[in-house]
Amino acid sequence: MFPKTIEWRDERIFLLDQRRLPEEEVYLECADAAAVAEAIRTLAIRGAPAIGIAAAMGIALGALRIDKRDFPSFFHELLSICDTLRQTRPTAVNLRWALQKMKGVCEAHKGMDVGVIKERLVQEALAILEEDIETNKMIGKAGKDLIQDGDTILTHCNAGALATGGYGTALGVVRRAWEEKKGIKVIATETRPLLQGARLTAWELKKEGIPVTLITDHMAGYLMQRGEIDLVIVGADRIARNGDVANKIGTYTLAILAREHSIPFYVAAPLSTFDQTIAMGEEIPIEERGEEEVIAFGGERIVPEGISIRNPAFDITPHRYVSAIVTEKGVIRPPLEEGLRRIWGEGYEG
Ligand code: MRU
């Protein structure tokens, strides 16, 4: 069974505090939208789909605490909650996707009693959570044949149950292959600076009994050169219309290495991670985080005073390096833009 990332209980949100894993499995209780925004900002909850779910629940929680009875005043306060949540993390489009969905619920019930709208918002947030788990299982099923018995799979960051409502995207594909009794092994990169691979992916896979070996980020090329990696599979924070992928910093490097060694490079993501308003990767906003994350390691300063620091949290992998994208609607192979257009159907604005 996969861990419960986030839960709605008694008009409160409980989220597994990922800052404290793997040492402690504790749930952080959020009683209002501001607490949820802070949890997202500080990565107590992280991973594109999980951020979307947390934001949707944060709005539902925020809505319950609004005391206005007339729709315009209620909606005005709700929009301000949406703004606070939107500003937490800029790259993962699932956050904006969830905010749009929640706003849509309000607008669709405009003439109704505010109490009813609040109920609908809670229902919608819970539905987003349930649908995400189902979507991930569909992604797992769609992608399982990309993994053969005996394969060694390299993954980066954490695109597992912890990064979603449950089951995972990239790790959902791995999980499904494992459930089908394929003898697989996973190589997890540690993922500097916040160590999502070392702390979270290793923890999650170990819990499931899936064999996992940890490497530091720059060891990947060595293993590929020695023929020790059969495929790479990662998640995504946002995918542009042409198939360019924003994902955790270091993903681009892995994609180039994979191409050099003729190793397939797969991306697994739900349709909520695709941004139809963005034509290509360079338009995707990349979050730059604080220098303290790079300056210290395990709480100890490792850099001399006065050194300038960069800390981009994501990078863009051009679509030409992507062998396929696994979605809940199936596996899209190059030319990706064409495949994406087919999946989106008539509504596609390419
Ligand atoms: O900074 P994080 O930990 O939120 O970054 C997460 C990633 O980059 C994941 O690979 C991505 O969100 C996909 S999660 C299914």
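Starting from 1, each residue takes its place in the sequence as its number. Side chains included, hydrogens not; waters and symmetry mates left out as well; all remaining heavy atoms used. Just follow the structure's listing: the first ligand is 1, and inside any ligand the first atom is 1.
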Task: Side-chain heavy atoms of Thr152 within contact of Ile184, under 4.5 Å - done: no

Task: Backbone N/O of Thr84 and side chain of Thr88: donor-acceptor pair under 3.5 Å - done: no

For ligand 1, which of its N or O atoms have a protein N or O partner closer than 3.5 Å, and how long is each gap?
| from | atom 1 | to | atom 2 | distance (Å) |
| --- | --- | --- | --- | --- |
| ligand 1 | 1 (O) | Arg89 | NH1 | 3.4 |
| ligand 1 | 1 (O) | Arg89 | NH2 | 2.8 |
| ligand 1 | 1 (O) | Lys248 | NZ | 2.7 |
| ligand 1 | 3 (O) | Arg46 | NE | 2.8 |
| ligand 1 | 3 (O) | Arg46 | NH2 | 3.3 |
| ligand 1 | 3 (O) | Gln196 | NE2 | 2.9 |
| ligand 1 | 4 (O) | Gly47 | N | 2.9 |
| ligand 1 | 4 (O) | Arg89 | NH1 | 2.7 |
| ligand 1 | 8 (O) | Asp237 | OD1 | 2.9 |
| ligand 1 | 8 (O) | Asn247 | OD1 | 3.2 |
| ligand 1 | 8 (O) | Lys248 | N | 3.2 |
| ligand 1 | 10 (O) | Asn247 | OD1 | 2.6 |
| ligand 1 | 12 (O) | Ala48 | N | 2.8 |
| ligand 1 | 12 (O) | Asp237 | OD1 | 3.1 |
| ligand 1 | 12 (O) | Asp237 | OD2 | 3.1 |

Open item on the list: Evaluate Asp113 against Arg69 for salt bridge (Lys or Arg N to Asp or Glu O under 4.0 Å), listing each step before the verdict.
Closed with: CA-CA 8 Å; Asp113 180 68; Arg69 306 247 16 114; 3.5 Å; yes

- [ ] Test Glu204 against Asn158 for side-chain hydrogen bond (donor to acceptor under 3.5 Å, both in side chains), laying out the working first.
- [x] CA-CA 9 Å; Glu204 187 177 328; Asn158 173 267; 3.2 Å; yes

Task: side chain to side chain donor-acceptor pair (under 3.5 Å) involving Thr155 - partner list, sequence neighbours excluded - done: none

Task: Aromatic plane relationship, Phe75 with Phe71 - under 30° parallel, 30 to 60° tilted, over 60° perpendicular - done: parallel

